[in-house]
Protein chains: 2
Amino acid sequence: MGEGSEKAPAKTRRGRGAEAGDERIRERNTRAILRASAELFAEKGYEGVSMLQIAKATGLPRANVYYYFDTKEDIYRALISELIHGWELALRHISPENSPEQALTAYVHAKLDYARLHPIQSRLFASEILGGAKFLTRRDRDYMHALTRERVLVLEQWMAEGHIRKVDARHLLMLLWGATQFLSLSEPLACDTLETGTLRPADFDAAARTISGIVLSGVLL
Amino acid sequence: MGEGSEKAPAKTRRGRGAEAGDERIRERNTRAILRASAELFAEKGYEGVSMLQIAKATGLPRANVYYYFDTKEDIYRALISELIHGWELALRHISPENSPEQALTAYVHAKLDYARLHPIQSRLFASEILGGAKFLTRRDRDYMHALTRERVLVLEQWMAEGHIRKVDARHLLMLLWGATQFLSLSEPLACDTLETGTLRPADFDAAARTISGIVLSGVLL
DNA sequence: AAATAAGTTGACACCTGTGTCAGCTTATAT
DNA sequence: ATATAAGCTGACACAGGTGTCAACTTATTT
């Protein structure tokens, strides 16, 4: 609905060696807004967050946020379009250049590392999908679909070559997605289950080992 | 915050044999409101839904909804407290009376059946957890925790007896939760991946077979 | 130092949402 | 038929949300 109207600041270089930090106010504030709003959106969903909340969390007056983003939707969309990166990064490990063992282990660990290091992005992505993926563009979805299809072909190749058991490659991928997302998305349940107050790196590590262990001995021949 | 103020209708019996349907208006409308609002909450989250939307979806004027529920929170809480049922139902299959094969297969199928037959409840539950489980009471969480602990003990028993491989039982449970939830929670992604417009029973069946197949041959000795 | 562009802000107009209430209609009991 | 309770509803007061704007301040250029 909103056109991506970018206000181009006149980028100018200082004569002297640029002091770190206080240059490019626009860049800094834009990032701060995105950072703060991601957490809010992940927790409360798109409608659950007001511009006032975003402004307060950023430490800016509300009207100032509007100087950088025309609408709340613009902020949300800017966040969403960044999210596919993590998805892609982990999936790349499932490649014909790796052995199935390497590939699946690396994938599971990469996915859980991402979940541990970027819990907010993980939750925001899940929240967007759960809400019907209404802000993902067709382009984004097509791109994800293409990525998925490539991995399906890799897995099916391994099956044809007798490296792994013949299962539905698509459902295997979804099993991995679901299993590797659970920890960060369902943090309250996971904490209750693990009888811990907060998820520690060791918990992610244990999850990675359990998941890759079970899936590997489940599919390897 | 809101006290559970129940307006007790004077339940009276008709003289003649009660005609089906048009008795107990209160019960019928209360159910209609819960039914309609569950779908909305699941999709948009608590804050994303207005009483007007609920009223429209129910087919009642807004003020009439307030006749049955004092606040929006009351509606949401009424829904949340029903959700643990599905959780519990599937978990019961993991019992010392079953063999590990039976138990795990039955669990996976039960969980996916529930997801297929009650997609709205599944999503609502996920949405509540993702949002931080803010409306689950301590009692609810303790109960779920107790249920989980029992299953962990069953699994560890099987490990001690040499029926299944030694893995972290808690993470095995979470693997199952995550894998069996993915299909209905991430419906848009699942549809893209499976190249289908809507999830059909066959898709749930394929998921159940893939998940139980991989996990079984992953943990059985 | 003067001019210009970038950044900041309080206030405004407007809309949507919540919860309440008095008074209405319909059903049930006597 | 009349009384009483259950159910329904339009209108209201209030709180909070969105997006805009003119005027102000600060930075950068010339």
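Within every chain, numbering begins at 1; the chains are lettered A, B, ... in the order of the sequence lines, protein sequences first and strands thereafter.
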Peer 1: Under 3.5 Å, is there a donor-acceptor pair linking the side chains of A:Glu195 and B:His145?
Peer 2: yes
Peer 1: Atom CD of A:Glu27 to atom P of C:dA6: distance rounded to whole Å?
Peer 2: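 Atom-to-atom, A:Glu27 to C:dA6, this comes out as 16 Å.
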Peer 1: Could you tell me the separation between the CG atom of A:Asp70 and the C1' atom of D:dC21, rounded to a whole number of Å?
Peer 2: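 A:Asp70 atom CG is separated from D:dC21 atom C1' by 14 Å.
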Peer 1: Reckon A:Arg26 has a side-chain N or O less than 4.0 Å from the OP1 or OP2 of C:dG7?
Peer 2: yes
Peer 1: Nearest whole Å is fine: how far is C:dT8 C1' from A:Arg28 CZ?
Peer 2: 13 Å
Peer 1: Of the options C:dC21, D:dT18, C:dT18, whose atoms approach the side-chain atoms of B:Lys72 most closely?
Peer 2: C:dT18
Peer 1: Has A:Arg92 got its NZ or CZ under 6.0 Å from the middle of the six-membered ring of A:Tyr107, at an angle within 45 degrees of the ring axis?
Peer 2: no
Peer 1: Is there a donor and acceptor pair, one atom on the side chain of A:Arg62 and one on the base of D:dG19, closer than 3.5 Å?
Peer 2: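 Between D:dG19 and A:Arg62, which were checked side chain against base, a qualifying N/O pair under 3.5 Å is present.
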Peer 1: Within 45 degrees of the ring normal and closer than 6.0 Å to the centroid, is that where the cationic atom of A:Arg77 sits relative to A:Phe69?
Peer 2: no
Peer 1: If I take atom CG in residue B:Asp74 and atom C1' in nucleotide C:dG19, what distance separates them, rounded to the nearest angstrom?
Peer 2: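 Going from CG in B:Asp74 over to C1' in C:dG19 covers 12 Å.
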Peer 1: Please state whether the phosphate of D:dC8, meaning OP1 or OP2, lies under 4.0 angstrom from any side-chain nitrogen or oxygen of B:Tyr67.
Peer 2: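 False: B:Tyr67 side-chain N/O out of range (4.0 Å or more) of D:dC8 OP1/OP2.
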Peer 1: Below the 4.0 Å mark, does C:dT8 have OP1 or OP2 next to a side-chain nitrogen or oxygen of A:Asn29?
Peer 2: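 The answer is yes; a side-chain N or O of A:Asn29 sits under 4.0 Å from OP1 or OP2.
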Peer 1: Return the value, rounded to whole Å, for the distance between atom CZ of A:Arg24 and atom P of D:dA27.
Peer 2: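 After rounding, the gap between these two atoms is 17 Å.
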Peer 1: Can you check the A:Ile54 CD1 to D:dG17 P distance for me, whole Å?
Peer 2: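 Rounded to whole Å, this separation is 11 Å.
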Peer 1: How many whole angstroms separate atom CG of A:Asn64 from atom C1' of D:dC24?
Peer 2: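 That distance rounds to 13 Å.
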Peer 1: Consider the side chain of A:Tyr68, meaning its heavy atoms from C-beta on, and name the nucleotide among C:dT8, D:dT9, C:dT9 that approaches it most closely.
Peer 2: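 Among the listed nucleotides, the one closest to the side chain of A:Tyr68 is C:dT8.
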Peer 1: How are the rings of B:Trp177 and B:Trp87 set relative to one another: parallel (under 30°), tilted (30 to 60°) or perpendicular (over 60°)?
Peer 2: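 The arrangement is tilted - the two ring planes meet at 30° to 60°.
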Peer 1: If you measure only the distance, is there a donor-acceptor pair under 3.5 Å linking the side chains of B:Thr137 and B:Asp140?
Peer 2: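 Per modelled atom types, B:Thr137 and B:Asp140 side chains form a pair under 3.5 Å.
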Peer 1: Do we see a donor-acceptor contact under 3.5 Å between the side chains of A:Glu128 and A:Tyr46?
Peer 2: no
Peer 1: Indicate whether any N or O donor in one side chain lies under 3.5 Å from an N or O acceptor in the other, for B:Glu88 and B:Tyr143.
Peer 2: yes
Peer 1: Grab the CG-C1' distance between A:Leu60 and C:dG10 for me, whole Å please.
Peer 2: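 So the CG-C1' distance, A:Leu60 to C:dG10, works out to 15 Å.
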Peer 1: In residues 30-51 of chain A, which residues come under 4.0 Å of DNA chain D by heavy atom?
Peer 2: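 Per residue number, the list reads A:Val49, A:Ser50, A:Met51.
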Peer 1: Of A:Ala63 and A:Leu52, whose nearest nucleotide on DNA chain D comes first from the 5' end?
Peer 2: A:Leu52
